[in-house]
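Accompanying notes for the structure given below.
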Amino acid sequence: MERSNFIKTIIKNDLENGKHDTIITRYPPEPNGYIHIGHAMGFINQYYLAKDFGGYTNLRFDDTNPVAEDTEYVEGIIEDFKWLGLKWKNLLFASDYFEEMYNRAILLIKKGKAYVCDLSIDEIREYRGDITTPGKNSPYRNRSVEENLDLFERMKNGELKEGEKVLRAKIDMASPNMNLRDPLLYRILYAHHHRTGDKWCIYPMYDYAHSIEDAIEGITHSVCSLEFENHRPLYDWVVAECEMENVPRQIEYGRFNLTNTVMSKRLLRRLVEESKVLGWDDPRMPTIVGLRRRGFTPEAITNFVLDLGLSKKGGVTDYAMFEQYLRQDLKLKAPRPMAVINPLKVVITNYPEGKTEYVSGEWNQEAEEFGSREIPFSREIYIEREDFLEEKPNKKWKRLSIGLEVRLRHAYFIKCEEVIKDNDGNILELRCTYDKETKSGSGFDKRKPNGTIHWVDSSAIPAEFRLYDALILDGDGDFAERINPDSLKIVNGLVESSLSEIKHFDKFQFIRNGFFSVDPDTNLEEGKYVFNRIVPLKSTFKR
RNA sequence: AGGGCUAUGGCCAAGCGGUUAAGGCACUGGACUUUGACUCCAGGAUCGAUGGUUCGAAUCCAUCUAGCCCUGCCA
């Protein structure tokens, strides 16, 4: 709890002043789609806000619009939040309170604070006025309490058609805050609700429902994003006029965005529907299912969100910051085997044919508990094509070139003697010699190699590597025109044979290549190995 | 009669009248290195602008500028 933010300050004060003894927050997703990292940020913050102060959080589905919502989504959302390691005291639904909301609406009517309005949707819009001109009172605004009660009853009983009438709060048609111009409280909807079925045909609107939900649950701090700031007066109005016992305080924070991606359900849906990505769980998607498949861990996401902080300013955070949290998380957790993504064959001419020896390599030199494995080494090996240039381009070049000697990690120094090319000049293979004296671990220090490169031998397993890049390119303007056509590259390479028994979602740091996660497309029986690159390693290498 | 909100180095973000204005990411040097990784060291802002209050202001006041949100029977 070292890092402070304005909401923590508020909570701390409320605790010190004795306004509250326990802090209760809530996260209220609408079950109408998949959640993304922006939602995760919301819940993670609410969760730790309460937890850090000894309180708790409720997960409450805001299911007041049956037209858009579905049980399928609530299950998906729960699964995603569980995977993130989030915990909630109560799993609730706005629909749990429909009865209570209905009763409070009647109270409002009796107090003369709400009325049934017959205006059509277009008329309501017209009467509302606009930003600079005050609205006009609805001609139905002054109906008697008895008439309102009767009409509202008939709305509830299904005696009216959709759109025929609505229940409205009686506040102020001239308010500069549009939300206070007699906002709608209930509308008629003959839609099947995923939980209440056909029991109701009137459904409460967000502003009315949300306030009551929070109050019923005794939420102390109702945290939401900035766009609800203008709704706060209405939120407070509902809580007060409905005479709710608990008075929650709504606090708004700025949402965060990440560079090189999009964070809106609408846009994400478009990517899926227009087949710009393979689905909601495409590893390029910022959805939780996407990030998970890509290989991001709950710890990396949580630490990132917590360190990001919270403010009223929102903003766009560098994707690089997010990547760094993944590297930090996996640094000591992932074994570090060798994989060659773009193989170039190397024949070690002075190594005996048919011979295979085993060299020892620790799985992770920064985490000894991983131990080590024996890596087969033989006459034919493969190195990364990018690790060879015929001529050393500059003094900084720390890889292989003709006449140069490099260390094969965990094995021997090899020296490039000859390049074999086809008729078009493409490099087919390299002929090298090795020096038996230089074996790793032998303590050989007579010469310094030109660098250390990774390799695999001919027992390596063919594998598919999926390399991801920014989904959305930098720039302004329509995001559709900034979709990166090269956000996914699929290449075929090799991984060392010790990875034969991997499981889906296993994570590795392939030496010098980056962090990878085993994709669920992997099928060992079929010999199909698929690795997603989560993030590359940082590099100061410049050509 | 429009209202609400925001403004601290490239990006997040602490700071709440007296600090050499935290920290992370990014970037640039350098050390180390069997990953050009990791780790370690070094490097940058006077706080949107302008006035004012004060012995003293990023922190208080005024004005201005820029950006975001609000006119769904969505949430």
Side-chain angles (χ1 to χ4, degrees), chain A residues 2-6 9 28-30 32 62-65 67-69 94 117 119-121 124-126 128-135 162-168 174-181 183-189 202-203 205-207 209-210 224-233 252 254 256 259 265 303-304 307-325 327-328 331-332 336 338 361-362 365-366 396-399 406-411 413 438 440-441 449 451-454 509-514 536-542:
Chain A
E2 339 74 39
R3 168 76 86 92
S4 179
N5 63 52
F6 75 105
T9 304
E30 184 187 13
N32 69 345
D62 233 338
D63 54 354
T64 56
N65 182 7
V67 178
E69 298 144 6
C117 182
L119 253 27
S120 70
I121 184 163
I124 285 179
R125 185 174 300 135
E126 189 187 322
R128 187 150 39 211
D130 64 30
I131 268 166
T132 46
T133 48
E162 270 186 27
E164 201 173 333
K165 287 181 182 11
V166 292
L167 182 72
R168 294 230 251 170
S175 172
N177 183 341
M178 303 297 284
N179 295 120
L180 263 23
R181 318 248 263 225
L184 276 60
L185 265 23
Y186 270 94
R187 76 283 214 189
I188 297 170
L189 242 34
I202 53 171
Y203 290 92
M205 299 288 288
Y206 167 83
D207 289 298
H210 207 87
C224 61
S225 46
L226 242 33
E227 65 263 35
F228 292 103
E229 232 162 358
N230 294 330
H231 295 243
R232 193 179 344 118
E252 312 83 15
F256 93 115
T259 58
K265 274 184 195 170
N303 293 338
F304 167 65
D307 283 357
L308 198 55
L310 210 51
S311 75
K312 291 207 70 157
K313 186 180 56 170
V316 187
T317 300
D318 280 343
Y319 193 82
M321 178 168 167
F322 186 36
E323 290 185 319
Q324 189 55 9
Y325 277 79
R327 296 191 190 100
Q328 280 300 327
K331 182 171 70 168
L332 268 20
R336 296 161 21 171
M338 296 191 286
E362 66 277 6
Q365 75 270 39
E366 291 185 87
K396 296 246 187 186
W397 179 253
K398 294 173 66 175
R399 308 178 185 190
V406 295
R407 183 198 303 277
L408 294 177
R409 187 179 166 88
H410 300 309
F413 288 12
T438 60
S440 287
T452 299
I453 63 173
H454 59 278
Q509 179 194 144
F510 288 141
I511 290 292
R512 301 211 303 140
N513 270 320
L537 252 29
K538 284 204 285 190
S539 172
T540 53
F541 176 57
K542 299 185 180 61

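Just so we're on the same page: letters track the sequence lines, and every chain starts at 1.
- Between G72(B), G4(B), A26(B), one nucleotide has an atom nearer to the side chain of R128(A) than all others, and that is G72(B).
- R327(A) places a side-chain N or O within donor-acceptor distance of the main-chain N or O of P536(A), the cut-off being under 3.5 Å.
- Residue K312(A) places its side chain closer to C5(B) than to any other of U34(B), G4(B), C5(B).
- Using C1' as the reference atom, G18(B) and A13(B) are 23 Å apart when rounded to the nearest Å.
- Within 4.0 Å of M338(A), counting heavy atoms only, lies no atom of the nucleic acid at all.
- Between R512(A) and G36(B) there is a side-chain N or O to OP1 or OP2 distance below 4.0 Å.
- G163(A) comes within 4.0 angstrom of a nucleotide base, judged by non-hydrogen atoms across all strands.
- At whole-Å resolution of the value, CD in Q365(A) and C1' in A37(B) are 9 Å apart.
- Using a 4.5 Å cut-off on side-chain heavy atoms (C-beta onward), Y319(A) and T259(A) make contact.
- With a 4.5 Å cut-off on side-chain heavy atoms, D130(A) and T133(A) count as touching.
- Of the listed nucleotides (G15(B), U35(B), A26(B)), G15(B) has the atom at the smallest distance from the side chain of S4(A).
- Relative to the ring axis of F541(A), R512(A) does not place its NZ or CZ within 45° and under 6.0 Å from the centre.
- When heavy atoms are screened at a 4.0 angstrom cut-off, K538(A) is found touching the sugar-phosphate backbone but no base atom.
- Nucleic acid contact for L226(A): none, since no nucleic acid atom lies under 4.0 Å from a heavy atom of the residue.
- Comparing C11(B), G36(B), U6(B) against the side chain of K313(A) picks out U6(B) as the nearest.
- Relative orientation of the F304(A) and F322(A) rings is tilted, given thresholds of 30° and 60° on the angle between their planes.
- Between L308(A) atom CG and A14(B) atom C1' there is a gap of 13 Å when expressed in whole angstrom units.
- Note on R125(A): only backbone sugar-phosphate atoms sit closer than 4.0 angstrom, heavy atoms only; bases stay farther off.
- As a whole-Å value, the separation of D130(A) CG from G3(B) C1' is 13 Å.
- Here the side chains of N65(A) and R187(A) are in contact, with some heavy-atom distance below 4.5 Å.
- Although no hydrogens or angles enter the test, the distance criterion places no donor-acceptor pair under 3.5 Å between the side chain of D62(A) and the main chain of A94(A).
- Pairing for C38(B) is absent, with no Watson-Crick or G-U wobble pair whose two atom distances lie under 3.5 Å.
- Residue R187(A) has its side chain nearest to A75(B) when only U34(B), U71(B), A75(B) are considered.
- Summarising the geometry, the separation between CG on N230(A) and P on C68(B) is reported as 15 Å, rounded to the nearest angstrom.
- Contact between the side-chain N/O atoms of K331(A) and the OP1/OP2 oxygens of U39(B) is found at a separation under 4.0 Å.
- With a cut-off of 3.5 Å on both Watson-Crick or G-U wobble distances, the partner of U53(B) is given as none.
- Here N5(A) lies in heavy-atom contact (under 4.0 Å) with sugar-phosphate atoms only.
- Distance from the side chain of E69(A) is smallest for A75(B) among the nucleotides G2(B), G36(B), A75(B).
- Heavy atoms of H231(A) sit under 4.0 angstrom from at least one base atom.
- Using a 4.0 Å heavy-atom distance criterion, G441(A) is classed as a base contact.
- With a 3.5 Å ceiling on both atom-pair distances, U71(B) lacks any Watson-Crick or G-U wobble partner.
- Nearest nucleotide to the P176(A) side chain, out of C38(B), C12(B), G3(B): G3(B).
- Within 4.0 Å (heavy atoms only), Y325(A) reaches sugar-phosphate atoms of the nucleic acid but no base atom.
- Closest approach to the T317(A) side chain among G36(B), C12(B), C74(B) is made by C12(B) (side chain taken as heavy atoms from C-beta onward).
- Between N303(A) and Q328(A) the shortest side-chain heavy-atom distance does not fall below 4.5 Å.
- When heavy atoms are screened at a 4.0 angstrom cut-off, L180(A) is found touching no nucleic acid atom at all.
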Inset, instruction - Check the pair K538(A) / E323(A) against salt bridge (Lys or Arg N to Asp or Glu O under 4.0 Å), numbers first and verdict last. - result: CA-CA 10 Å; K538(A) 284 204 285 190; E323(A) 290 185 319; over 6 Å; no

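- Ranked by how close their nearest RNA chain B nucleotide is to the 5' end, G129(A) and I453(A) are led by I453(A).
- Residue contacts for V316(A): at a heavy-atom cut-off of 4.0 Å it reaches the sugar-phosphate backbone alone, with no base atom in range.
- For D318(A), taking side-chain heavy atoms from C-beta onward, the closest of the listed nucleotides C69(B), A1(B), C11(B) is C11(B).
- At a threshold of 4.0 angstrom between heavy atoms, the contacts of T133(A) with the nucleic acid are absent.
- Remark: Q328(A) is not in phosphate contact with A37(B), judged by side-chain N or O atoms under 4.0 Å from OP1 or OP2.
- Of all nucleotides present, none satisfies the Watson-Crick or G-U wobble test against C32(B) with each distance under 3.5 Å.
- I124(A) comes within contact range of at least one nucleobase, with a heavy-atom separation under 4.0 Å.
- Base pairing annotation: U6(B) forms a Watson-Crick or G-U wobble pair with A66(B), both donor-acceptor distances under 3.5 Å.
- At the heavy-atom level, Q509(A) lies under 4.0 Å from base atoms of the strands shown.
- Summarising the geometry, the separation between CZ on R336(A) and P on U33(B) is reported as 17 Å, rounded to the nearest angstrom.
- Phosphate contact (OP1/OP2 of A13(B), side-chain N/O of S311(A), threshold under 4.0 Å): present.
- Nucleotide G43(B) is shown with an anti base, its glycosidic torsion being more than 90° from 0.
- Distance CG (N513(A)) to C1' (C38(B)): 16 Å, rounded to an integer number of Å.
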